[in-house]
Amino acid sequence: MDSAQYERKIAARFASFDQDGNGYIDREDFSSAAKAVLAEFGTTARCDKGQALYIGAEAFWQGMAGIADVDGDQRVTREEFVTGAVKRLRDSPQRFAEIARPFLKAVVAVADQDGRGATPQAAERVLKVLGADAEIAAAAAAALDTDGDGRISEDEILTAFAAYFTTPAPDA
């Protein structure tokens, strides 16, 4: 992958976190993501699943800020994101996934409408509500079910998440 491709990928990954498009990632972006997922599935913030999602969003924010917010201003700029969340973690993608685990686990629980696990269709809804293009969301959601059982496990989503957000640099 050349530098231009790499920069486009990183910009897309940064934009997926910057929910309000203000040019930086902050706590509010994670709260907004949680709120959007809850609204999509008709889940209240005060129920156990809603509370778990907000707690997971806060843990995810704290983890990202801890590795990427270099200047401590409670905002992660694109430059900080590239340096912290991508370059530092490309050698340990599972670490990034572990930071996201409480949030992703809660998202899967909210998207699980029948108690048997989230379906690719539910994952597609999540991805779209978080800002993914409809075609990309459909393809990505289908790819998450790596064992073909019609359900997306926590391990499947963590593996895919780690791979997506820890893209190696062209010279890596």
Side-chain angles (χ1 to χ4, degrees), residues 1 5-41 45 50 52-111 118 122-141 143-144 152 154 156-169 172:
M1 161 183 344
Q5 289 173 312
Y6 177 72
E7 286 297 316
R8 282 192 301 274
K9 282 189 169 200
I10 296 308
R13 283 149 179 76
F14 177 82
S16 69
F17 281 113
D18 183 12
Q19 291 283 299
D20 57 13
N22 63 2
Y24 56 84
I25 303 165
D26 63 5
R27 176 178 278 111
E28 187 57 35
D29 290 313
F30 287 86
S31 293
S32 294
K35 183 177 181 180
V37 170
L38 292 175
E40 176 65 21
F41 290 93
L53 187 59
Y54 276 108
I55 290 167
E58 176 63 20
F60 194 0
W61 160 245
Q62 290 294 328
M64 179 177 286
I67 62 167
D69 183 17
V70 177
D71 61 12
D73 66 354
Q74 294 297 298
R75 295 178 180 180
V76 176
T77 64
R78 186 176 181 281
E79 182 180 333
E80 287 174 322
F81 180 79
V82 170
T83 300
V86 178
K87 289 182 181 175
R88 280 187 187 163
L89 297 175
R90 74 171 170 237
D91 294 330
S92 181
Q94 285 309 115
R95 177 156 189 258
F96 195 53
E98 287 305 316
I99 290 167
R101 182 185 289 273
F103 178 72
L104 295 174
K105 182 177 182 174
V107 168
V108 169
V110 169
E124 181 179 349
R125 288 172 61 192
V126 169
L127 292 169
K128 287 193 307 193
V129 78
L130 293 178
D133 175 75
E135 284 184 37
I136 292 170
L144 288 172
I152 299 169
E154 188 177 326
E156 287 171 321
I157 201 163
L158 282 169
T159 299
F161 184 86
Y164 181 76
F165 281 104
T166 55
T167 300

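Index from 1, following the sequence. It should be emphasised that the depicted structure is a prediction, and the values quoted were computed from it without experimental measurement.
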Flag side-chain contact, heavy atom, 4.5 Å: V76 against W61: yes
Beyond-backbone contact of Y54 with L38, side-chain heavy atoms, under 4.5 angstrom: yes
Shortest non-hydrogen contact from [X] to [Y]?
{"X": "A122", "Y": "F41", "value": "O-CZ, 3.6 Å"}
{"X": "F103", "Y": "G56", "value": "CB-O, 3.5 Å"}
{"X": "E156", "Y": "I152", "value": "OE1-CA, 3.3 Å"}
{"X": "F14", "Y": "Y24", "value": "CZ-CA, 3.7 Å"}

Nearest 0.5 Å, please: how far is [atom2] in [Y] from [atom1] in [X]?
{"X": "L158", "Y": "K105", "atom1": "CG", "atom2": "NZ", "result": "10.0 Å"}
{"X": "L104", "Y": "I99", "atom1": "CG", "atom2": "CD1", "result": "11.5 Å"}
{"X": "K35", "Y": "E28", "atom1": "NZ", "atom2": "CD", "result": "8.0 Å"}
{"X": "L127", "Y": "S16", "atom1": "CG", "atom2": "OG", "result": "10.0 Å"}
{"X": "D18", "Y": "D26", "atom1": "CG", "atom2": "CG", "result": "8.0 Å"}

Ring centres under 6.0 angstrom apart (F17, F30): yes
E79 atom CD: more than 12 heavy-atom contacts under 6.0 Å: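 Counting neighbours around CD of E79, 12 or fewer heavy atoms of other residues, nucleotides or ligands fall under 6.0 Å, so no.
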Test item: D29 side-chain N/O and S32 main-chain N/O as donor-acceptor pair under 3.5 Å: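 No; zero donor-acceptor contacts below 3.5 Å.
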Whether E124 side chain and A141 backbone form a donor-acceptor pair below 3.5 Å: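 Absent.
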Steps toward side-chain contact (heavy atoms from CB on, under 4.5 Å) verdict (D69, E80): CA-CA 6 Å; D69 183 17; E80 287 174 322; 3.5 Å; yes
Audit row: R101, E154, side-chain contact (heavy atoms from CB on, under 4.5 Å) steps and yes/no: CA-CA 8 Å; R101 182 185 289 273; E154 188 177 326; 2.5 Å; yes
